[in-house]
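Read through the structure below, which is laid out as structure tokens, and then see the notes.
This structure is a prediction, so every number in the text was calculated from the model and none was measured. All residue numbers refer to positions in the sequence shown, counting from 1. Values reported hereafter were calculated over all heavy atoms of this structure, with side chains retained and with hydrogens, waters and symmetry mates removed.
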Amino acid sequence: MLYVVEIRRGHHELSTMMARIREWLDAQRFEPDAFRCTTEEATVTCRLEFKFESEAIACAQAFEGEVRPLG
């Protein structure tokens, strides 16, 4: 099963958010299976997929995101 973390922010925060997430992942030595960003009218959603629930929960807590099981 994969665990999905979705983090939503405003468009103006995209580059800062992506840099912070990458730095945090490197510091934790976490490797998500996928890392995608999509844009909507007023927001950007970063979606990270993890194999381990504990990593997904830690990421969601660090960035005020939501965890959803996938599969």
Side-chain angles (χ1 to χ4, degrees):
M1 179 181 312
L2 291 176
Y3 298 90
V4 176
V5 176
E6 290 186 354
I7 304 166
R8 287 186 179 82
R9 298 288 187 274
H11 282 275
H12 64 283
E13 295 181 67
L14 176 62
S15 61
T16 302
M17 178 175 61
M18 287 185 67
R20 286 186 55 224
I21 292 170
R22 185 72 257 168
E23 288 172 6
W24 184 86
L25 289 168
D26 290 345
Q28 303 301 314
R29 297 186 179 178
F30 290 170
E31 285 293 327
D33 283 2
F35 183 179
R36 298 181 196 88
C37 291
T38 57
T39 59
E40 297 167 5
E41 192 169 313
T43 61
V44 173
T45 301
C46 287
R47 179 183 169 113
L48 296 88
E49 297 176 5
F50 293 91
K51 287 182 183 169
F52 303 104
E53 183 179 26
S54 60
E55 292 180 4
I57 291 170
C59 182
Q61 289 175 343
F63 296 99
E64 299 175 2
E66 297 178 21
V67 178
R68 297 190 172 109
L70 179 67

Sequence-distant partners of Phe52, side-chain contact (heavy atoms from CB on, under 4.5 Å), two or more places apart
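Phe52 satisfies side-chain contact (heavy atoms from CB on, under 4.5 Å) with Ser54, Glu55 only.
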Heavy-atom pair of closest approach, residues Cys37 and Leu14
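Nearest heavy atoms, Cys37 then Leu14: SG-CD1, 4.2 Å.
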Closest non-hydrogen atom pair, Phe50 against Ala56:
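The answer is CD1-CA, 3.7 Å.
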pair [X]-[Y]: side-chain heavy atoms closer than 4.5 Å:
| X | Y | answer |
| --- | --- | --- |
| Val67 | Val4 | no |
| Val44 | Arg9 | no |
| Ile7 | Leu48 | yes |
| Leu25 | Glu31 | no |
| Cys46 | Ile21 | yes |
| Leu2 | Asp33 | yes |

For a side-chain contact (heavy atoms from CB on, under 4.5 Å) check, start with the C-alpha distance between Trp24 and Cys59, then their side-chain angles and the critical distance, and finish with the verdict.
CA-CA 8 Å; Trp24 184 86; Cys59 182; 3.7 Å; yes
Within this structure, what is the CE-CD distance for the pair Met18 and Glu23, rounded to the nearest 0.5 Å?
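Interatomic distance, Met18 CE to Glu23 CD, rounded to 0.5 Å: 12.0 Å.
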For residues 39-48, which residue pairs pass the salt bridge (charged side-chain N to carboxylate O under 4.0 Å, His left out) check, not counting sequence neighbours?
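Every salt bridge (charged side-chain N to carboxylate O under 4.0 Å, His left out) pair that includes a residue of residues 39-48, provided the two are not neighbours, is Glu6-Arg47, Arg47-Glu49.
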Listed once per pair and sorted, the side chain to side chain donor-acceptor pair (under 3.5 Å) pairs that draw on residues 13-22, sequence neighbours left out
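Sorted pair list: Arg22-Asp26.
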